[in-house]
Number of protein chains: 2
Amino acid sequence: MKASQLKQTLGAAEQSCRASGARLTEKRRNVLAVLLRAKTPLSAYEIAEQYGRDYGEPIPAMSVYRMLDFLADENLAHKLNSENKYLACAHIACDHSHETPQFLICSRCSKVREIGIKPEVIAALRDTVEGAGYHLLTSQLELDCLCDECGRSAA
Amino acid sequence: MKASQLKQTLGAAEQSCRASGARLTEKRRNVLAVLLRAKTPLSAYEIAEQYGRDYGEPIPAMSVYRMLDFLADENLAHKLNSENKYLACAHIACDHSHETPQFLICSRCSKVREIGIKPEVIAALRDTVEGAGYHLLTSQLELDCLCDECGRSAA
DNA sequence: CTTGATATGATATAATGTAACATAATAATA
DNA sequence: TATTATTATGTTACATTATATCATATCAAG
């Protein structure tokens, strides 16, 4: 993410936290900034390393885990359960309400696209699940994909 | 899984391996049996422990990982990427060809149901993915659910 | 029966994550 | 402001999941 957009996004995050009565401390904001600048999802330990490089002071991985929990609670970051990695929410700046995210994960270059899947498709999924006697709790999907770029170069 | 069904399933696994020219060794078969008897998915280390209890001889976790790789290659077991756990394929005995599995994971009791999602739903998902410029590689879904039982008792 | 390939054992270590307690910073209130 | 309560962060220890590497054992083919 470019510097100008980064600043704006961090501002939006600030506002969003203020609205929910949460404290976006400097370090939490820095962790979010690391995620926003990253081209791919990062592990907690990778975030800690990058934080050290970006801000000149080391941060314990344990703190990163807690800050990621905070950011996830505030819908500012998401965890990719299938990868054990974390990424910034793609919809911090744009207002449109925080629906459950779906992720397209390029298995070649690890680039991730956060999208919204059509309600009909989710509804159909939910129907199938109910039909099997289960109840869908979250519709966060993590799909194993090839991105456009890798798709072309691999073909 | 009941003993009678277990035997039959292991027989089917044997045949399936013979058909593909793979060797279902005793230990691989035992690991599969551990998974078939388990009520929930198990981690590799849990499998190793259970193997020790069931067969009276310890097995190194590293061996279990290799055997799980083998079983996954043969479509006899699956890995739940979101849980880092493994489970037996639900379709070893029944012939119907091995489609990509989808899993309903009860987040309360960890019970997992392997189902097939309607081709239309998968196709719709695939369309959405293509629309975003990505290409769907596998349609293995791992859905965060409540099972019927837990749904009732939690309500 | 011996050679080559495959399977397993053993050891070390990396990567991810949690638990528990200490200290520091902030907020609320007297 | 001083005091106290709450929240945030640091520190240490350790649990869990996974991979890499090399040695040994077992099986299959000639």
Side-chain angles (χ1 to χ4, degrees), chain A residues 13-14 17-18 20-35 38 40-52 55-74 76-87 105 107 110 142, chain B residues 13-14 17-18 20-35 38 40-52 55-74 76-87 105 107 110 142:
Chain A
E14 194 94 40
C17 283
R18 202 150 25 209
S20 74
R23 299 208 311 238
L24 186 62
T25 64
E26 184 184 3
K27 301 194 173 184
R28 286 168 173 173
R29 184 158 29 81
N30 290 348
V31 165
L32 178 57
V34 166
L35 289 180
T40 62
L42 301 176
S43 77
Y45 283 82
E46 288 168 340
I47 293 168
E49 284 169 27
Q50 190 58 42
Y51 189 108
Y55 299 101
E57 70 173 337
I59 190 167
M62 314 310 133
S63 295
V64 171
Y65 275 108
R66 279 184 297 230
M67 290 162 192
L68 288 170
D69 283 346
F70 171 87
L71 294 173
D73 282 347
E74 295 298 319
L76 298 171
H78 302 293
K79 174 170 188 180
L80 293 182
N81 294 309
S82 56
E83 313 270 309
N84 300 319
K85 294 204 187 314
Y86 306 83
L87 77 172
I105 306 172
S107 63
S110 299
E142 302 176 15
Chain B
E14 194 94 41
C17 282
R18 201 151 24 209
S20 75
R23 299 208 309 239
L24 186 62
T25 64
E26 183 184 5
K27 300 193 173 182
R28 286 168 173 173
R29 183 156 29 82
N30 290 348
V31 166
L32 178 55
V34 166
L35 289 180
T40 63
L42 301 176
S43 77
Y45 283 84
E46 288 168 341
I47 293 168
E49 284 169 29
Q50 190 57 43
Y51 189 108
Y55 299 102
E57 71 172 336
I59 190 168
M62 314 311 133
S63 295
V64 172
Y65 274 108
R66 280 184 297 227
M67 289 162 193
L68 288 170
D69 282 347
F70 170 86
L71 294 172
D73 281 347
E74 296 297 319
L76 298 171
H78 303 293
K79 173 171 188 180
L80 292 182
N81 293 310
S82 56
E83 313 272 309
N84 300 318
K85 295 205 187 317
Y86 305 82
L87 77 172
I105 305 172
S107 63
S110 299
E142 302 176 16

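Naming convention: chains lettered A, B, ... in sequence-line order (proteins, then strands); numbering from 1 in each chain.
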**Report entry** Shortest non-hydrogen contact from B:Leu76 toward B:Leu32
**Finding:** O-CD1, 3.7 Å
**Report entry** A:Tyr45/A:Val64 under side-chain contact (heavy atoms from CB on, under 4.5 Å): CA gap, chis, key distance, verdict
**Finding:** CA-CA 8 Å; A:Tyr45 283 82; A:Val64 171; over 6 Å; no
Requested in this report: Measure from CG on A:Asp73 to P on D:dA8 and round the result to the nearest Å.
Outcome: 11 Å
Query raised in the report: What integer distance in Å separates A:Arg29:CZ from D:dA8:C1'?
Result: 15 Å
**Report entry** Taking every non-hydrogen atom, the tightest pair across A:Val34 and A:Tyr55
**Finding:** CG2-CE1, 4.0 Å
Requested in this report: Name the nucleic acid region contacted by B:Pro60, choosing base, sugar-phosphate or nothing; use a 4.0 angstrom heavy-atom cut-off, strictly under.
Outcome: sugar-phosphate
Report task. Scan side-chain atoms only and decide if B:Glu74 and B:Ser20 contain a donor-acceptor pair under the 3.5 Å cut-off. Result -> yes
Query raised in the report: Quick one: does B:Leu87's side chain get under 4.5 Å of B:Leu42's, heavy atoms only?
Result: no
Query - Summary of protein contacts for nucleotides 13-30 of chain D, nucleotide by nucleotide, where a base hit scores B, a sugar-phosphate-only hit scores S (4.0 Å, heavy atoms) - result: B---BBBB-------S--
Report task. Of all the heavy-atom pairs spanning B:Lys79 and B:Glu142, show the shortest one and how long it is. Result -> O-OE2, 3.9 Å
Query - Shortest non-hydrogen separation from B:Ala48 to B:Ala61 and the atoms involved - result: CB-CA, 4.3 Å
**Report entry** Whole angstrom value for the distance that separates P of D:dT11 from CD1 of A:Ile59
**Finding:** 11 Å
Report summary line: Output for pair (A:Asn30 CG, A:Tyr51 OH), nearest 0.5 Å, gives 4.0 Å
Requested in this report: Take the protein atom CD of A:Glu26 and the nucleotide atom C1' of D:dA8, then report the distance between them rounded to whole Å.
Outcome: 13 Å
Query raised in the report: chain B on DNA chain C: first and last contacting nucleotide, 5' to 3', under 4.0 Å to a heavy atom?
Result: C:dT6 to C:dA12
